[in-house]
A.B. asks: 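First, the structure itself, so that you have it in front of you.
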2 protein chains.
Amino acid sequence: MNHNGPYKLREPLAEIAACCSLPQALETMGERWSFMILRASFNGLHHFEEFLEELGIARNILSNRLTRLVESGILKRAPCVDDRRKIEYRLTDKGLDLLPTMIALRQWGEKWESGVPSNPVLVDERDRRPIQPISIRAHDGRVLTHNDLCWIDIADLNNATGNEGEHDGVVKRIATI
Amino acid sequence: MNHNGPYKLREPLAEIAACCSLPQALETMGERWSFMILRASFNGLHHFEEFLEELGIARNILSNRLTRLVESGILKRAPCVDDRRKIEYRLTDKGLDLLPTMIALRQWGEKWESGVPSNPVLVDERDRRPIQPISIRAHDGRVLTHNDLCWIDIADLNNATGNEGEHDGVVKRIATI
DNA sequence: CAATATAGGTTGCGAATCACTACCTACTAT
DNA sequence: ATAGTAGGTAGTGATTCGCAACCTATATTG
């Protein structure tokens with residue numbers, strides 16, 4: 001922890017708490033513009049100039065972010081067959097899997113920041129009814145709050161329904177999220 | 001949009017796309033360390049020096065972040081009655097409401113970054129069984145993917161189940177997340 | 001009471017990142 | 001051949017980050 005060079009370069013968040021995967025997730029997605037680029041990708045944008053115009057981001061920063069998002073497997077580059085100048089940026093499965101996180105963040109912003117019901121509304125295509133608020137659910141579907149949660153050791157998972165009052169591997173109330 | 005001073009200062013993300021609340025949500029939570037401080041708050045830390053030691057963040061940055069999180073209503077300051085040097089930082093309802101977002105991000109990191117099942121496991125206190133993956137759900141509880149989603153105008157919400165094939169206010173496939 | 005320690009900052013400085021403009025290269029269209 | 005487009009790099013100024021030093025108010029200790 002002593003001070004070698006003049007200044008330590010920015011330490012990766014992932015090494016702060018190795019036990020938790022939140023810092024690792026933030027390593028790429030925590031940077032400025034990353035979520036906005038992801039949003040634009042979900043909105044159907046695929047090309048450098050499209051992102052540039054839509055987001056109003058600087059060219060070099062966009063280039064840097066796209067490179068990092070590709071490196072971390074959230075986007076993939078693909079050359080266009082019809083125009084070999086163009087490159088397509090498309091969401092990978094890993095990138096698509098960020099949709100719940102993004103919608104949760106959006107719903108939070110809707111509820112607490114903008115306040116307005118936000119038009120248009122995101123709905124299920126099948127019945128045209130709004131989606132539910134993103135929430136934490138128990139195995140049987142009950143919605144849980146932070147008061148209902150605790151941590152147990154993975155080794156004690158199997159005997160969960162068995163013995164109730166004994167030593168049951170509870171670690172802490174909220175130990176490490 | 002023209003260029004007044006030598007350089008425009010950093011434009012708030014919220015003004016990029018006023019129609020969507022994701023940029024507004026990112027205004028505070030998109031900064032480096034914000035989610036890590038939130039996580040530490042959920043983990044039961046309440047004091048400046050605790051955050052300092054736990055996160056290894058610089059003092060001035062921590063001070064700045066805590067101020068911003070308080071300003072945006074995610075944390076609240078409260079003086080300690082037993083020791084008037086101390087200040088307690090506690091999650092507000094707005095801050096507590098970020099838990100689904102944070103767990104979604106954590107689960108994503110677990111699945112795609114660390115890979116390992118991550119020990120200990122977050123479980124429902126009542127039956128000690130792991131929580132479900134955070135997901136997008138239709139009003140009836142079906143899990144939806146990005147292929148199942150579309151946007152409709154809020155004015156067309158009421159006649160959703162009525163006329164099916166007519167003009168029904170569909171805006172775009174994925175318009176603005 | 002004086003001396004010291006603690007909690008929560010603020011200030012100053014070097015390093016890294018961001019934003020803006022100006023290029024630059026490969027390819028396409030005319 | 002010439003001009004235009006897509007994607008990206010390089011240079012420069014502004015902002016933020018990381019580190020150490022200092023500062024103020026309160027607690028603790030002798």
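A, B, ... follow the sequence lines: proteins, then strands. Residue 1 opens every chain.
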A.B. asks: Please state how far atom CD in Glu11(A) lies from atom C1' in dA15(C), giving the value in whole angstrom units.
C.D. replies: 16 Å
A.B. asks: side-chain contact (heavy atoms from CB on, under 4.5 Å) with Arg142(A): which residues, sequence neighbours excluded?
C.D. replies: Ala138(A), Asp140(A), Leu144(A), Asp124(B), Arg126(B), Asp127(B)
A.B. asks: Whole Å only: how far is the CD1 atom of Ile37(B) from the C1' atom of dC17(D)?
C.D. replies: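 So the CD1-C1' distance, Ile37(B) to dC17(D), works out to 13 Å.
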A.B. asks: Kindly say if Arg84(A) contacts the phosphate of dA26(C), meaning a side-chain N or O under 4.0 Å from OP1 or OP2.
C.D. replies: no
A.B. asks: Given atom CG of Leu62(A) and atom C1' of dC20(C), what is their separation to the nearest angstrom?
C.D. replies: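 Between C1' of dC20(C) and CG of Leu62(A): 14 Å.
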A.B. asks: Applying side-chain contact (heavy atoms from CB on, under 4.5 Å), name anything that partners Glu49(A), two or more places apart in sequence or on another chain.
C.D. replies: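 Checked Glu49(A) against side-chain contact (heavy atoms from CB on, under 4.5 Å); matches are Leu52(A), Arg59(A).
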A.B. asks: In terms of side-chain heavy atoms of Arg32(A), which of dT16(D), dT17(C), dA19(C) is nearest?
C.D. replies: dA19(C)
A.B. asks: Generate the contact string for nucleotides 1-7 of chain D. Rules: B means base contact, S means sugar-phosphate contact only, - means no protein heavy atom under 4.0 Å.
C.D. replies: ---BBSB
A.B. asks: So which heavy atom on Ile134(A) is nearest to which on Pro100(A), and how close?
C.D. replies: CD1-O, 4.0 Å
A.B. asks: Heavy atoms from C-beta onward define the side chain here; which of dT16(D), dC18(C), dT9(D) lies closest to that of Ser63(A)?
C.D. replies: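 The answer is dT9(D).
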A.B. asks: Please identify each residue that fulfils side-chain contact (heavy atoms from CB on, under 4.5 Å) with Arg77(A), with sequence neighbours left out.
C.D. replies: Thr67(A), Val70(A), Ile87(A), Tyr89(A)
A.B. asks: Distance check needed: dT15(D) P versus Leu13(B) CG, whole Å only.
C.D. replies: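 Going from CG in Leu13(B) over to P in dT15(D) covers 16 Å.
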A.B. asks: Within the modelled atom types, does a donor on one side and an acceptor on the other bring the side chain of Asn60(B) and the base of dG12(C) under 3.5 Å apart?
C.D. replies: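 Indeed there is one.
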A.B. asks: Go through the structure and list residues passing salt bridge (charged side-chain N to carboxylate O under 4.0 Å, His left out) with Glu50(A), not counting sequence neighbours.
C.D. replies: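 Expected list: none.
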A.B. asks: Indicate whether any N or O donor in one side chain lies under 3.5 Å from an N or O acceptor in the other, for Trp112(B) and Asp97(A).
C.D. replies: yes
A.B. asks: Provide, to the nearest angstrom, the distance between the CZ atom belonging to Phe51(B) and the C1' atom belonging to dG9(C).
C.D. replies: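 Taking atom C1' of dG9(C) as the reference, CZ of Phe51(B) is at 15 Å.
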A.B. asks: Taking atom P of dC19(D) as reference, at what distance in whole Å does atom CH2 of Trp33(B) sit?
C.D. replies: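 Spelled out: CH2 on Trp33(B) to P on dC19(D) is 9 Å.
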A.B. asks: Rounded to whole angstrom units, what separation is found between the CD1 atom of Ile61(B) and the P atom of dG8(C)?
C.D. replies: 18 Å
A.B. asks: Just jot down the side-chain contact (heavy atoms from CB on, under 4.5 Å) partners of Asn64(A), sequence neighbours excluded, or say none.
C.D. replies: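 If we apply the side-chain contact (heavy atoms from CB on, under 4.5 Å) test to Asn64(A), skipping adjacent residues, the hits are Arg68(A).
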A.B. asks: If you assign Ala58(B) and Asn64(A) each to the DNA chain D nucleotide with the nearest heavy atom, which residue ends up on the more 5' nucleotide?
C.D. replies: Asn64(A)
A.B. asks: How long is the line joining CG of Asp82(B) and P of dT28(D), in whole Å?
C.D. replies: 9 Å
